[in-house]
Structure formats: structure tokens, C-alpha cells
Asker: 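Let me give you the structure first, and then I'll get to my questions.
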Amino acid sequence: MHATDQAVKILVQPHRGDINSPVVHRHDEFEEASEEDLRGFEVVEDSEGHHYAVRKEHH
């Protein structure tokens with residue numbers, strides 16, 4: 001058994017399930033509300049290459 005496999009058995013919490021199973025993506029009310037909120041932001045980059053989320057201005 002590799003060290004990584006041993007670390008996974010020790011560090012992965014049991015309630016997370018099988019780490020090899022695919023992620024199930026659900027569109028629930030919380031996710032829809034989050035997406036709606038994120039639409040109000042835009043990503044800007046400063047002169048040093050840092051990225052920031054800035055709330056869009058409403059005209």
C-alpha cells in the first residue's frame with residue numbers, strides 16, 4: 001500500500017463517501033440563489049496581475 005493510500009484512509013472523513021465516485025451536481029434553490037448573487041460581480045485584474053471580484057455598477 002502506498003503512503004498516499006494510507007493517508008487517504010486516515011485523513012478522509014467517513015461521511016464524505018467514496019473519493020473515486022463522480023460528483024453529483026444538483027441545481028437546488030441554494031445554488032440558484034448563489035449563481036444569481038454571483039451575476040452581480042465581475043472579475044478585474046490590477047496592474048500586478050492580482051484578480052478581484054468587484055460588484056458590478058448599476059446604471
Side-chain angles (χ1 to χ4, degrees):
M1 184 177 287
H2 292 105
T4 305
D5 294 332
Q6 292 174 343
V8 167
K9 286 186 177 186
I10 294 170
L11 300 175
V12 174
Q13 297 175 10
H15 68 277
R16 292 189 181 179
D18 182 13
I19 62 171
N20 295 317
S21 64
V23 175
V24 177
H25 188 73
R26 298 184 180 128
H27 287 281
D28 58 9
E29 291 178 14
F30 178 77
E31 183 176 10
E32 290 174 10
S34 295
E35 288 177 357
E36 178 64 30
D37 190 37
L38 289 173
R39 282 192 212 50
F41 291 88
E42 62 183 331
V43 177
V44 295
E45 183 177 347
D46 67 13
S47 60
E48 297 179 3
H50 300 110
H51 292 88
Y52 300 92
V54 178
R55 192 169 294 277
K56 293 179 182 177
E57 294 182 24
H58 297 282
H59 297 287

Asker: Got a sec: does the CZ of Phe30 have more than 12 other heavy atoms crowding it under 6.0 Å?
Answerer: no

Asker: Over all heavy atoms of both residues, which pair between Phe41 and Lys56 is shortest? Give the atoms and the distance, please.
Answerer: O-CE, 3.2 Å

Asker: Which residues pass the side chain to side chain contact (heavy atoms under 4.5 Å, CB included) test with Glu32, not counting sequence neighbours?
Answerer: His27

Asker: Partners of Glu36 by salt bridge (Lys or Arg N to Asp or Glu O under 4.0 Å), sequence neighbours excluded?
Answerer: Arg39

